[in-house]
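Worksheet: one structure, shown below.
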Amino acid sequence: MTTPLDIITWATVYAHEHREQYLSELLDLLRIPSVSTMPEHTADVLRAANWIAAQMKGIGLQNVQVTLTEGHPVVYGEWLEDPTLPTILVYGHYDVQPPDPVDEWQSPPFEPEIRDGQIFARGASDDKGQMFAHLKAVESYLKTSGRLLVNVKFIIEGEEEVGSVNLESFCREHQEMLAADIALVSDTHMFGLDKPSIVYALRGLTYMEVEVRGPSSDLHSGSYGGAVHNPAQVLCEIIARLHDAQGRITIPGFYDDVQPLSEEEREQLAQLPFDEAEFRRETGVRRTWGEAGYSVIEQISARPTLDVNGLLSGFTGEGAKTVLPAWARAKVSMRLVPGQRAHDIAEKFRRYVESLAPDTVDVTVTELAGGEPAYVDPHIPEMRAAERAYEAGFGARPVFMREGGSIPVVGLFQDILGLRTILMGFGLPDDRLHAPNEKLDLESFYRGIETSIHFMGAYKTFAQPSHSSRS
Ligand code: BES
Ligand code: MN
Ligand code: MN
């Protein structure tokens, strides 16, 4: 008689024997420059969507669809053969960040190269490689037993890196299709290959633009300077008032809804294998800076922040040009923690910045993007299946951590579909997401496939001993 354990074992052996094929397919996907934010890559983004749809069909998923949105397409596929089984909704994104600065890449960003056991390419870790591991896990099951031990649905989107702008309406319009027992996302990192990590909280994001307009055109700073309020100066003064001397954010009401950290959680965070000296080396900063009263790991994952992402005004070329600029612009983002809401924070930011604006200039505040923070109770039984899966795939018990980055879909799944998400990442801290020379460790990819096989295999037993499907 065939047991679930046999089915898992065959899939694992098959995945091991087909490593080369799986890798070479991933390299094909990495060759497609699916940069979602650059209009000149729209056709490439569509090509990547179609490539994934073809993969899904090839491995035996059904009802495969490429849905066009107002932005980039969403790819969906499913295996729902056994209505008595629970359903896992796997999410990933096939879009990537722009590769710039291209000169700093050791090999071209869209010509993947393997050096020292690492796959170098834009999107290798974020998120093509991590997402692909789940497709290959399913393939390994279907090619050996012709079946899975859970039902699965895949939703792979092409707009994560631009804030998943059209995914909210997609989820609202396809609630039935996306119904599941749990969501599974691999788009985060672990402490190390022998220190896998389950993320139970993500920060949200509110991204704003502030524009200050003064004179109707750039002016000679000698003829006019002294009697015209300089927009660059005004902007800098506004920005300088967004933090106090303790590194706290001064926007009224900003911290109102922040859920405080319990002593117990602070102790747990302090136990994580986080190395502050390594953090300084990695970033190249002389010393760390942040909100007083919190450790670095708390500052980068469990506390809200405000950062200036970019400033633009006046003359920025080589040498000196005397000019009083007509305008100045800043991109400001805030990372939010559970309890805070992205739009509410945007409104608080707007009101405060407007209150700081002198009547010598016009100040416009625009909300550009956002995503809600997320928290998933680490005690739910589904987490035990993830722990077991990591133990089988990486040979070590995972630690639980918060991630400072944002994945907007996790909040959407919670709010729209009532779905909790298991964040089972396979990346490493030095994968250089969004930066030159992004890479994915080959070992992460292979062990990720095995971990996914084990999660899908263990899910029913560990998570829901007597649950029937809602799909
Ligand atoms: N995969 C990242 C999220 C992430 C960042 C995980 C750092 C682990 C470490 C995701 O693709 C991402 O970049 N998210 C954006 C979201 C934004 C565009 C709404 C982010 O965090 O800036
Ligand atoms: Mn990502
Ligand atoms: Mn990203």
Side-chain angles (χ1 to χ4, degrees), residues 11-34 55 92-94 96-97 99 102-137 139-140 185-199 273-275 278-279 281-284 389-399 401 403 405 423-455:
T12 312
V13 170
Y14 185 92
H16 193 87
E17 285 171 351
H18 291 77
R19 284 182 163 196
E20 274 179 38
Q21 176 210 322
Y22 289 179
L23 173 61
S24 100
E25 289 168 350
L26 173 59
L27 299 186
D28 286 342
L29 176 60
L30 290 172
R31 284 188 192 98
I32 307 176
S34 46
Q55 265 286 326
H93 64 92
Y94 64 83
V96 301
Q97 285 279 329
V102 177
D103 301 349
E104 289 180 30
W105 285 77
Q106 281 186 44
S107 51
F110 298 107
E111 293 171 31
E113 194 172 288
I114 295 168
R115 300 191 298 272
D116 310 323
Q118 320 279 327
I119 314 163
F120 287 88
R122 170 59 85 229
S125 179
D126 186 10
D127 177 46
K128 288 173 172 171
Q130 296 199 49
M131 167 276 286
F132 200 54
H134 298 295
L135 285 170
K136 297 294 106 175
E139 174 171 358
S140 305
V185 176
S186 296
D187 193 20
T188 50
H189 59 243
M190 317 175 292
F191 276 101
L193 276 177
D194 51 358
K195 290 190 189 72
S197 323
I198 297 175
V199 169
F274 176 77
D275 182 347
E278 173 56 29
F279 180 87
R281 257 195 308 281
E282 184 192 316
T283 55
Y390 270 125
E391 280 180 272
F394 284 82
R397 220 186 157 73
V399 295
M401 62 181 265
E403 169 56 55
L423 289 151
M424 195 169 77
F426 307 130
L428 289 172
D430 61 350
D431 280 353
R432 291 180 287 273
L433 310 188
H434 300 196
N437 303 304
E438 177 181 350
K439 57 88 175 163
L440 177 69
D441 197 295
L442 271 177
E443 215 38 58
S444 282
F445 177 55
Y446 296 138
R447 293 189 198 181
I449 297 171
E450 266 190 54
T451 305
S452 175
I453 290 173
H454 282 277
F455 184 77

Query raised in the report: Which residues pass the side chain to side chain contact (heavy atoms under 4.5 Å, CB included) test with His93, sequence neighbours left out?
Result: Tyr91, Asp95, Asp126, Asp127, Glu157, Glu160, Glu161, Asp187

Rounded to the nearest 0.5 Å, what separation is found between the [atom1] atom of [X] and the [atom2] atom of [Y]?
| X | Y | atom1 | atom2 | value |
| --- | --- | --- | --- | --- |
| Ile119 | Leu30 | CD1 | CG | 7.0 Å |
| Leu27 | Ile114 | CG | CD1 | 5.0 Å |
| Phe445 | Leu26 | CZ | CG | 5.0 Å |
| Leu29 | Ser34 | CG | OG | 6.5 Å |
| Ser452 | Met424 | OG | CE | 5.5 Å |

Report task. Please name the residue in the list Thr188, Asp430, Asp431 that meets the side chain to side chain donor-acceptor pair (under 3.5 Å) test with Ser125. Result -> Asp431

Report task. Quickly, which of Gln118, Arg432, Arg122 forms a side chain to side chain donor-acceptor pair (under 3.5 Å) with Glu438? Name it, please. Result -> Arg122

Side chains of [X] and [Y]: closer than 4.5 Å at any heavy-atom pair?
| X | Y | answer |
| --- | --- | --- |
| Gln21 | Glu139 | yes |
| His189 | Leu428 | no |
| Ser140 | Thr12 | no |
| His18 | Ile449 | no |
| Lys128 | Val96 | yes |
| Glu403 | Ser197 | no |

Please tabulate, for side-chain N and O atoms in residues 105-113, each donor-acceptor pair with protein atoms closer than 3.5 Å (sequence neighbours left out).
unit_1	atom_1	unit_2	atom_2	d
Trp105	NE1	Pro99	O	2.8
Ser107	OG	Arg115	NH1	2.9
Glu113	OE2	Arg115	NH1	3.0

Query raised in the report: Which heavy atom of Ser444 sits nearest a heavy atom of Met190, and at what distance?
Result: OG-CE, 4.2 Å

Query raised in the report: What closest approach, in Å, do Leu193 and Phe394 show between heavy atoms, and which atom pair accounts for it?
Result: O-CD2, 3.3 Å

**Report entry** Within residues 444-454 or reaching into it, pairs that qualify as salt bridge (charged side-chain N to carboxylate O under 4.0 Å, His left out) - sequence neighbours excluded
**Finding:** Glu443-Arg447

Query raised in the report: Does atom NE2 of His434 have more than 12 heavy-atom neighbours, drawn from other residues, nucleotides or ligands, at distances under 6.0 Å?
Result: yes

Residues in ring pair (Phe, Tyr, Trp, His ring centres under 6.0 Å) contact with [X], at least two apart in sequence or another chain:
| X | value |
| --- | --- |
| Phe132 | Trp51 |
| His134 | Phe426 |
| Phe274 | Phe279 |

